[in-house]
Amino acid sequence: MNLTYRTLTLTVLASALAACTTVGPDYHVPKEAVVKRDAANAKFMGASEQPYKSEPLPADWWRLYQDPVLDKLIAKAFSANADLRVAAANLERTHAVLEEVEEKKRPEVEMAAAPLYGRIAGASIGLPEQLPRTGIYDGDIKVAYQLDMFGRIRRAIEAAEADLDAAQAAADVAHVMVAADTTRAYAEACSAGYQLKVAQQSVDLQQKFVKLTGERVQRGRGIAIDNSRAQAQLDQLRANLPPLMARQRTALYRLAVLTGEVPSAFPAEVVKCTTPPRVASAIPVGDGAALLRRRPDVRQAERHLAGATARIGVATAELYPNISLGASFGGVGFMDQFGDANTWKFTLGPLISWNLPSTSSARVHIAQAKASTSGALARFDSVVLNALRETESALTVYARELDRNAMLRAARDQSALASRQTGKLYQFGRTDFLVALDADRTLATAENLLAASDAQLAADQVQLFLALGGGWENTHAQHADTHR
């Protein structure tokens with residue numbers, strides 16, 4: 001009893017010491033990190049223009065399009081996308097790794113039992129009597145508890161928790177990408193449908209011009225070469241259709257795969273879409289501080305830095321001894337004596353292991369961990385700078401494409417007016433064939449350029465939303481509820 005009391009006292013004292021001794025640096029975001037700079041948290045330079053407003057980006061940014069079909073597609077993608085399933089599996093694996101590390105805080109229990117047949121050594125040498133050959137048993141229950149006196153386990157848990165947070169951020173990145181890719185594929189399918197519609201209208205107009213030219217030649221008011229020129233322009237306009245058809249079909253295939261379907265099972269309702277989705281109102285973009293809080297890749301990089309810092313403590317703990325408390329209880333003897341008091345055995349005491357020559361390797365591990373931490377900080381800075389660059393670039397590209405679109409629309413309207421006027425003059429013989437042909441060619445070009453710009457605007461909007469990094473918040477909350 002006295003020995004047990006002393007051992008328990010030693011355990012309590014060691015546990016108290018372990019509670020206040022943790023080697024290695026405590027983590028905090030370094031003051032020199034880019035994310036701490038005022039300029040990184042300021043308003044965006046490009047957000048001062050008319051198409052933007054400083055309000056926070058909504059979590060479900062795709063609902064700004066007010067398109068029920070798109071809402072349904074993204075909901076399906078979130079539930080069935082293969083990449084999201086991979087991210088979820090990786091997250092579950094990281095949960096399991098954390099649980100494995102946390103197990104080191106708990107006592108380890110080991111049981112062993114060995115029923116045997118034989119003879120136990122112990123008879124005196126030279127005596128005629130020998131111990132009999134009979135059934136023998138030997139059993140133990142061992143309990144070991146590692147005293148975390150220098151914080152090795154605590155730092156390992158801290159690193160594993162940071163890895164878990166990084167895995168959660170990686171899953172959030174996957175949600176952002178799936179939301180953006182689904183919207184982009186839908187926009188591209190609709191834009192291709194719209195461009196097909198515009199290109200077909202140009203073909204139809206040119207067919208009328210070819211017919212009118214043929215009638216004029218038959219009446220002697222034109223020459224045969226006019227027919228050839230008109231037909232050549234018609235064929236050129238028809239040549240624009242196949243690439244647009246292929247673009248529409250590949251967008252539909254991509255949309256099917258994003259929503260967890262085989263390519264041939266693309267959504268039928270999107271085939272008929274001829275209006276590219278577009279947010280007509282000013283786009284809420286927030287500021288740099290909100291962006292860096294929202295973007296999951298920034299959070300992922302910061303968590304990697306936290307994990308790398310914690311591993312410096314894990315490596316530093318190698319400089320100190322490992323101390324474990326152990327106890328065992330069991331029995332050994334003949335089978336017919338099982339349970340007798342004289343067959344019981346027990347041990348209780350600390351086990352200290354410390355390999356002094358290994359301190360040099362421990363210092364090497366510390367140097368490696370510090371180098372990894374420096375690399376993680378550089379990576380964190382790079383991700384922050386890239387996030388700001390992507391957002392500023394997306395703001396600028398979208399704003400300038402809006403300007404270009406307005407100019408192209410004005411040019412298209414003027415070309416349409418010139419084409420109508422020239423068509424009437426040509427019909428009544430007031431202008432020559434080449435003038436009319438050129439007016440129609442100019443209108444077709446203007447129509448196609450405007451349609452391409454409308455498609456580019458849709459793509460630029462999606463790229464802006466992708467840069468802003470929204471779309472994961474609701475799924476993140478659902479995941480947190482699942483693991484509470």
Side-chain angles (χ1 to χ4, degrees), residues 43-75 77-78 173 175-195 197-198 244 247-248 250-252 254-255 258 270 273-288 290-291 294-297 386-409 449-473:
K43 293 183 178 180
F44 298 119
M45 181 180 296
S48 59
E49 302 196 45
Q50 186 174 359
Y52 309 116
K53 55 185 177 181
S54 60
E55 296 177 8
L57 179 73
D60 300 337
W61 53 262
W62 52 88
R63 297 191 184 279
L64 295 172
Y65 289 101
Q66 299 181 351
D67 190 328
V69 175
L70 177 59
D71 294 344
K72 184 175 70 173
L73 289 171
I74 291 182
F78 277 176
V173 170
H175 277 90
V176 171
M177 294 299 299
V178 167
D181 286 345
T182 302
T183 306
R184 183 184 289 116
Y186 175 69
E188 188 166 345
C190 293
S191 296
Y194 171 63
Q195 289 178 274
K197 178 182 175 182
V198 171
L244 293 173
R247 182 178 153 203
Q248 181 190 46
T250 55
L252 290 170
R254 191 164 69 253
L255 194 56
L258 283 165
V270 183
C273 180
T274 58
T275 304
R278 184 168 159 192
V279 178
S281 59
I283 298 177
V285 296
D287 57 15
L291 173 76
R294 182 173 56 245
R295 287 225 356 181
D297 58 336
N386 190 59
L388 295 169
R389 178 194 60 80
E390 286 180 351
T391 305
E392 290 285 10
S393 298
L395 290 167
T396 300
V397 168
Y398 178 64
R400 297 292 74 78
E401 187 61 36
L402 278 174
D403 295 340
R404 178 173 178 268
N405 186 267
M407 297 173 189
L408 288 173
R409 192 171 301 278
L449 286 173
L450 179 59
S453 177
D454 287 340
Q456 188 61 50
L457 276 177
D460 289 346
Q461 275 193 345
V462 177
Q463 186 61 37
L464 174 57
F465 286 127
L466 176 61
L468 291 172
W472 56 267
E473 292 89 342

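Every value quoted in this text rests on a predicted model; they were computed, and no experiment measured them. Excluded from the calculations below are hydrogen atoms, water molecules and symmetry mates; all remaining heavy atoms, backbone and side chain alike, are included.
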(message) So, using side chain to side chain contact (heavy atoms under 4.5 Å, CB included) as the criterion, who are the partners of Pro56 when residues are at least two apart?
(response)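 Pro56: no side chain to side chain contact (heavy atoms under 4.5 Å, CB included) contacts found.
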(message) With rounding to the nearest 0.5 angstrom, report the CZ to OG1 distance, Arg254 to Thr182.
(response)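 Arg254 CZ to Thr182 OG1: 10.0 Å, rounded to 0.5 Å.
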(message) If the condition is salt bridge (charged side-chain N to carboxylate O under 4.0 Å, His left out), which residues does Glu49 pass it with, not counting sequence neighbours?
(response)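 If we apply the salt bridge (charged side-chain N to carboxylate O under 4.0 Å, His left out) test to Glu49, skipping adjacent residues, the hits are Arg400.
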(message) The criterion is side chain to side chain contact (heavy atoms under 4.5 Å, CB included); which residues satisfy it with Val397, sequence neighbours excluded?
(response)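 Result, side chain to side chain contact (heavy atoms under 4.5 Å, CB included) vs Val397: Asp460.
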Anything under 3.5 Å between a donor and an acceptor, one on a side chain of residues 462-469, the other on a protein residue two or more places apart or in another chain? List them.
{"residue": "Gln463", "atom": "OE1", "partner": "Arg184", "partner atom": "NH2", "Å": "3.2"}

(message) Which heavy atom of Met45 sits nearest to which heavy atom of Ser48, and what is that distance?
(response)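 Met45 and Ser48 have their closest heavy atoms at O-OG, 3.3 Å.
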(message) Test of understanding: with side chain to side chain donor-acceptor pair (under 3.5 Å), list the residues that count as partners of Lys43, not counting sequence neighbours.
(response)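 Partners of Lys43 under the side chain to side chain donor-acceptor pair (under 3.5 Å) test: none.
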(message) Tell me every residue that passes salt bridge (charged side-chain N to carboxylate O under 4.0 Å, His left out) with Asp454, counting only those two or more places apart in sequence or in another chain.
(response)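 Partners of Asp454 under the salt bridge (charged side-chain N to carboxylate O under 4.0 Å, His left out) test: Arg409.
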(message) Testing the basics here: between Gln195 and Ala455, what is the closest heavy-atom pair and its distance to 0.1 Å?
(response)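 Looking at all heavy atoms of both residues, the closest pair is OE1-CB, 3.8 Å.
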(message) Checking Pro296 now: which residues fulfil side chain to side chain contact (heavy atoms under 4.5 Å, CB included) with it, not counting sequence neighbours?
(response)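 In terms of side chain to side chain contact (heavy atoms under 4.5 Å, CB included), with neighbours along the sequence ignored, Pro296 is linked to Asp172, Val173, Val176, Arg299, Trp472.
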(message) Do Cys190 and Thr275 have side chains that approach each other closer than 4.5 Å (heavy atoms only, starting at C-beta)?
(response)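 With C-beta onward as the side chain, the pair stays apart.
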(request) List in chain and number order the residues that pass side chain to side chain contact (heavy atoms under 4.5 Å, CB included) with Ala459, two or more places apart in sequence or in another chain; answer none if no residue qualifies. (result)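 Residues passing side chain to side chain contact (heavy atoms under 4.5 Å, CB included) with Ala459: Gln456.
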(request) Would you give the length of the straight line joining atom CG of Asp181 to atom CG of Leu258, rounded to the nearest 0.5 angstrom? (result)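 The distance works out to 5.5 Å.
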(request) List the steps, then state whether side-chain contact (heavy atoms from CB on, under 4.5 Å) holds for Glu188 with Gln248. (result) CA-CA 7 Å; Glu188 188 166 345; Gln248 181 190 46; over 6 Å; no
(request) Indicate the atoms forming the closest heavy-atom contact of Thr274 with Gly193, along with that distance. (result)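 Shortest heavy-atom contact: CG2-O, 3.8 Å.
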(message) I'd like to know if the side chain of Ser453 reaches the main chain of Leu449, judged simply by a donor and an acceptor atom lying under 3.5 Å from each other, with no hydrogens or angles considered.
(response)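 Such a contact is absent between Ser453 side chain and Leu449 backbone.
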(message) Given Pro51, which partner from the list Leu395, Ile283, Leu402 fulfils the side chain to side chain contact (heavy atoms under 4.5 Å, CB included) test?
(response)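 Testing Pro51 for a side chain to side chain contact (heavy atoms under 4.5 Å, CB included) against Leu395, Ile283, Leu402 leaves exactly one candidate, Leu402.
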(request) Kindly say whether Val279 contributes a backbone atom to a donor-acceptor pair with the side chain of Gln461 at under 3.5 angstrom? (result)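 Yes, Gln461 side chain to Val279 backbone: donor-acceptor pair under 3.5 Å.
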(request) Keeping the roles fixed (side chain from Thr250, backbone from Arg247), state whether a donor-acceptor pair exists under 3.5 Å. (result)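 Checked: pair present.
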(request) Not counting sequence neighbours, which residues clear side chain to side chain donor-acceptor pair (under 3.5 Å) with Asn386? List them please. (result)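 Checked Asn386 against side chain to side chain donor-acceptor pair (under 3.5 Å); matches are Arg389, Glu390.
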(message) Just verifying a value: how many Å separate Tyr186 OH and Leu252 CG, rounded to the nearest 0.5 Å?
(response)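 If I round to the nearest 0.5 Å, the distance is 11.0 Å.
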(message) Taking salt bridge (charged side-chain N to carboxylate O under 4.0 Å, His left out) as the definition, give me every residue that meets it alongside Lys197, ordered by chain and number, with sequence neighbours left out.
(response)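 Per chain and number, Lys197 pairs via salt bridge (charged side-chain N to carboxylate O under 4.0 Å, His left out) with no residue.
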(request) Determine which pairs satisfy salt bridge (charged side-chain N to carboxylate O under 4.0 Å, His left out) with at least one residue from residues 64-75, sequence neighbours left out, and list them in order. (result)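 Sorted result for residues 64-75: Arg63-Asp71, Lys72-Glu269.
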(request) Considering non-hydrogen atoms only, spot the tightest contact between Phe78 and Ala179 and give its length. (result)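 Reported closest heavy-atom pair: CZ-CB, 3.9 Å.
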(request) Please tell me if the side chains of Pro277 and Trp62 come closer than 4.5 Å, counting only heavy atoms from C-beta onward. (result)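 No - every pair of side-chain heavy atoms lies 4.5 Å or more apart.
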(request) Using a 4.5 Å cut-off on heavy atoms from C-beta on, say whether the side chain of Val270 contacts that of Leu73. (result)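 Side-chain contact under 4.5 Å: yes.
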(request) For Arg294, enumerate each residue passing the salt bridge (charged side-chain N to carboxylate O under 4.0 Å, His left out) test, keeping only those at least two apart in sequence or located in another chain. (result)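 Once residues adjacent in sequence are excluded, Arg294 has no partner under the salt bridge (charged side-chain N to carboxylate O under 4.0 Å, His left out) criterion.
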(request) Calculate, to the nearest 0.5 Å, the distance between atoms OH and CG belonging to Tyr398 and Asn405 respectively. (result)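 Separation between the atoms: 9.0 Å.
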(message) Nearest 0.5 angstrom please: Thr391 OG1 to Asp287 CG, how far?
(response)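 It comes to 11.0 Å.
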(request) Carefully, step by step, assess Ser54 and Phe44 under the rule side-chain contact (heavy atoms from CB on, under 4.5 Å). (result) CA-CA 9 Å; Ser54 60; Phe44 298 119; over 6 Å; no
(message) For the CZ atom of Arg404 and the CG atom of Leu450, what is their distance to the nearest 0.5 Å?
(response)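 Spacing of CZ (Arg404) from CG (Leu450) equals 9.5 Å.
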(message) Please check this pair: side chain of Glu392 against backbone of Gly46, looking for a donor-acceptor N/O pair closer than 3.5 Å.
(response)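 Yes: the side chain of Glu392 pairs with the backbone of Gly46.
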